[in-house]
Amino acid sequence: MPADRDFTAIMPLRRVAAMRTGEKPERGRARMKNSEIAVLFNEIADILELREENRFRVSAYRRGAQNIEGLPGAIEDAAADSALADIPGIGKDLASKINEYLDTGKISFLEELRKETPQVLIDMLRIPGIGPKTAVLLHRHLGIGSLEELRHAALDHRIRELPKMKEKTEENILKGLEFLERSGGRTPIGEAYPLAERIIDELGKLPEVKRITPAGSLRRFRETIGDIDILVTSPKAGTVIERFTHLADVERVLAEGTTKGSVITAGGIQVDLRVVDEKSYGAALCYFTGSKEHNIRLREIAIQKKMKLNEYGLFRTLRSGGERRIAGATEEDVYRGLGLPFIPPEIREDSGEIEAARRGALPALVGMKHIKGDLHFHSNWSDGAASLEELAEYGRKAGYRYLAVSDHSKSLRIAHGLSEDRLRAQIAEIDRINGQTRGFRLLKSSEVDILPDGALDLDSSVLEKLDIVIVAVHSKFKMPRPEMTRRVINAIENPHASILAHPTGRLLGSRDAYEIDMEAVIEAAAATCTAIEINAHPMRLDLNAAMARKAAESGVMISIGTDTHKPALEMRHIRYGVYTARRGWLTKEQILNTRTANQLLGILHKKRNR
DNA sequence: GCCGTTTTCGGCCCGACTGTTTTCAGTCG
């Protein structure tokens, strides 16, 4: 490793750090204030922890952050309705800090804390294996002022001079720094999920493995994954863990115990494997699936009922002082033991699911089996890889009833967007292909550019010949918020527009959402019977789950589309869209492509015929 | 700092692994 390596490669960290500076509400940020406030509350928690403040005070800020981030609506709305105190974990103090941030763009308490806290302490907390105690120790005794200085201190063997620190500590710090630099934090689910499938597939071949399943944020289908958790039942844990730490994907072994193995893959992703007994499988699955906040709620319920819940089971405390297992083999048993129905993993975020479960009001979530087709697809008429005939073939093979051919429109020259004339020719060609097939249908569509003034890129005379008109922004991303909002609402109000695609334009890890008032857009979509897409591409997932929930609650129909350009690789992304919908509490009734082609066209054409 | 079908005060989830130790603190999830 060259001695002068800098850490500019840690981009996601830097972005987080930039958000932390807080003073200027960031340019180009359409995100609701929820996540900004969550980041700030987490920073307060970090700093309080470094200062060895009361740990319950620390977790109060973390819980507050989590609940604000998971809120389906905008925090501004809750504040305007004086309803902040209704959010679990938000009391008088946190509410006043939220109001202060919304009014002034800063939290003076945090400003004060920052003045007194060297940035390097916060940076060090991002290194795996370094917590608040170690960070303070390194800073105080060695005068470490940056991650680069920390690296030098480790290389110069100065860290081993400290109490309870030896060679191994230095080694781990260097590896932690390297990991941070390479992985930059969280991994998009589109990358993590296939890797997990590969590992599960490989380990599943072992005769010693009885059951194997993903857990953690992967099973909850979060947009990005911190690390991959895999749960196994086996009578021979040692054999399974040994095989796991020797898989081809493994670059480094972090831990290898009798119940747990932990590795870093060549791609820099951490994978944790846990082996449990058959009789604890359900309790362990529940525990390792999380979220942490959901688990804490479950344990609190257990305590209220004079029980104890851990990863081994649900136990009743006996008067004799002993305990008796009442559940553990399946998740259903555990929930039942707590007096709750089974709660699907995707909504275990402590965002109202426990209360809904108690009321018997959990939604019947949409599933992959309900999906009858894909509503966003490109052919080689624009920038896709496959011909129309091939698309029909792919669609049929996937078991779909229909697939919407939605090539780009003429303004998008770089993607060979179709002019009115070429689109007419494509329509005729699709009619010809549909005439030859039964039980499957290519839907005539177009992904029409929304021009800067909100007009559509194609003439009405051709739009009215399409089954579905998808509208989307592909240019001039940096418009000011009011103009961008007006632009998109103009497009939505066009009587031909049926679906608004990737509505915020964000690309996970590379491009922020453009500046747009999504609340207003959702309102306009509801008023005009326009559907909004969950773009299922794993780098987009746009709408995200919280906004999809909001949109559906407002009565907007949701369309799931993969935006596939290369069918062999991308069609399967539909699952990320479906699981995002599940995270947004959506039922099949709220999703367009759970309907037959005629049903969904009937819904969309209501607008045209108004 | 939050919260209350035991409570407005006194609690607040629980266990494994590592690295350094001879019994445990720190970190993680």
Considering only atom P, compute the distance from dG4(B) to dC13(B) and round it to an integer number of Å.
14 Å

The side chain to side chain donor-acceptor pair (under 3.5 Å) partners of Tyr281(A) (sequence neighbours excluded) come to none

d(Asp156(A) CG, Glu161(A) CD) to nearest 0.5 Å is 9.5 Å

_Can you check the distance between dG1(B) and dT6(B), where both ends of the measurement are the P atom (answer in whole Å)?_
28 Å

Closest to the 5' end of DNA chain B, once Lys308(A) and Arg274(A) are matched to their nearest nucleotides, is Lys308(A)

Exercise for review: Could you tell me whether Glu300(A) contacts a base, only the sugar-phosphate backbone, or nothing, with contacts defined as non-hydrogen atoms closer than 4.0 Å?
Suggested key: sugar-phosphate

Under a 4.0 Å heavy-atom criterion, DNA chain B is touched by chain A from dG1(B) to dG29(B)

Base orientation of dT7(B), chi within 90° of 0 counted as syn, else anti, reads syn

Inter-nucleotide C1' distance (dC2(B), dT8(B)), Å rounded: 12 Å

| task | Give one of base, sugar-phosphate or nothing for Lys305(A), where a contact means two heavy atoms less than 4.0 Å apart. | result | nothing

- Task: Salt-bridge test for Arg274(A) and Glu311(A): reply yes if a basic N is under 4.0 Å from a carboxylate O, no otherwise.
- Result: no

For a quick check of understanding: with a heavy-atom distance under 4.0 Å over all strands, which category does Lys260(A) fall into, base, sugar-phosphate or nothing?
sugar-phosphate

Any strand, both distances under 3.5 Å, Watson-Crick or G-U wobble: dT8(B) pairs with none

Comparing Lys168(A) with Ala85(A), nearest DNA chain B nucleotide closer to 5' gives the residue Ala85(A)

Practice problem: Examine distances only and state if a side-chain atom of Ser96(A) and a backbone atom of Asp93(A) form a donor-acceptor pair shorter than 3.5 Å. | Solution: yes

Write down the distance separating the C1' atoms in dT18(B) and dT7(B), rounded off to the nearest Å.
40 Å

Expressed in whole Å, how much space separates the C1' atoms belonging to dT23(B) and dG29(B)?
-> 24 Å

Notebook entry, point to check: Pro163(A) near the nucleic acid: base, sugar-phosphate alone, or nothing, with a heavy-atom cut-off under 4.0 Å?
Noted result: nothing

Notebook entry, point to check: Is it true that the side chains of Tyr61(A) and Glu43(A) contain a donor and an acceptor less than 3.5 Å apart?
Noted result: no

- Rounded distance in Å between the P positions of dG26(B) and dT20(B): 14 Å

Notebook entry, point to check: Any donor and acceptor pair, going by atom type alone, linking the side chain of Glu100(A) with main-chain N or O of Ser108(A) inside 3.5 Å?
Noted result: yes

Value for OG (Ser351(A)) from CD1 (Ile87(A)), rounded to nearest 0.5 Å, stands at 12.0 Å

